[in-house]
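All remarks here apply to the structure that follows.
Since we're looking at a predicted model, the values are computed, not measured. For ligands, and for the atoms within them, numbers begin at 1 and follow the listed sequence.
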Amino acid sequence: MNKKFRFLTSGESHGKCLNAIIEGIPSGIPVCADEINTKLFRRQQGYGRGGRMKIETDKVEIKSGIRHGITTGAPICLEIINNDYENWKTVMCPEMVDLSDEDVIKLIEEKSFTKLRPGHADYAGSVKYGFDDLRNVLERSSARKTAIQTAVGSVAEQILKQFNIEGVSTVRKIGKIENNKTLFNLQEIKELSEKSEVRCFDAETSEKMKQEIDRAKSEGNTLGGEFEVIFTNIPAGLGSYVHYDRAIDGLIAQAVMSIPAIKSVEIGAGKSSAGLYGSEMHDPFYIKNGKIIRKTNNAGGVEGGMTNGQPLIVKAAMKPIPTMLKPLPTVDIKTKTAAEAHFERSDTCAVPACAVVAEASIAIVLVDEFLDKFGGDSLKELKAHYGC
Ligand code: EPS
């Protein structure tokens, strides 16, 4: 499929920096680093995050494609420096290092590991790329790369904002603690979730979630959970039913499922739709003041692979982080003997952060489809095509 908003990222978890190049953005759109940085800050938050977040204050540098705060239509290059690189300069050095130096060898060996972490990319990654040192797999498979993807998503959101399309996210579940309360006011969901250390709009449930994280941490364990992302003011007709790879629900599922640790993605009523009668599931149409309206949104804003003008509701489940202080039984790929899984600094729970990454990832899909439908080389053209 021919993407309008194309991007690639690069960078390792403990390498020098993370980069992205974005292509296909019309000229004339206000995009600023401050807004990207606010998004990056939100991604770093959440009760249960590990020591890395104390080292990093993720800040983006816009390297090209924007002049005086306005896009020029040229590719945009973004960069986030990893502060932790200072501690990994030799281990992660892109250049050849002096392997006759014992200190250098010691540093590299200290960070090498061969005991597979069940649930992480270690095993399949080492088989696929032929590595003996699992450090090579960890560095790019790490969720650290979601920092730069979130920065790209913030650029997408700044474009969507021109058309009042906005997203919010809220955590629904951490481990077995669930927030099953309903709030209809999106502003309220946003404000209350933003205030909560676990991104949950209900204060009482937030406290229980924090206690659950404390418990898991004290036991050397980790926790996953569920979150919901809602986007509003999306025009009907983004995506298409004509080909499998143009269905917007498929594209959203791919974008969210590819975030590290995501195990399921649902739209609207999601898997619970399987247990409903047709008469319960489908959202009837009504006419009000000459306008076609719906009173329910079980479809979650998508019908026939296209947005239908209703709020887009995406729910996703994140598995518990596989790096555990109390390790699982595993195998050492070097000695081919039984072992305990490798442990290094990690998070106990990153569900609140993952919800922010999902906002960004969904914004990227929406802006791509938006540009495909309404097109234009400048914001002026885009607005004219959109009819505003
Ligand atoms: C992450 C940075 C990582 C982890 C986490 C996400 O930092 P470090 O590995 O240096 O402690 O905190 O990564 C994982 C949980 C994972 O499994 O890869 C980040 O910036 O989000």
Do we see a donor-acceptor contact under 3.5 Å between the side chains of [X] and [Y]?
X	Y	answer
Thr72	Arg67	no
Glu207	Gln211	no
Asp133	Asn136	no
Asp332	Thr114	yes

Close residues, ligand 1: non-hydrogen atom nearer than 4.0 Å:
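If the criterion is a heavy atom under 4.0 Å, then ligand 1 touches His14, Arg43, Arg49, Arg52, Met53, His120, Ser142, Ala143, Arg144, Ile321, Arg345, Ser346, Asp347.
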Do Phe370 and Phe5 have ring centres separated by under 6.0 Å?
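For Phe370 and Phe5, the ring centres are not under 6.0 Å apart.
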Charged N to carboxylate O below 4.0 Å: is that the case for Glu219 and Lys326?
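Lys326 and Glu219: not salt-bridged.
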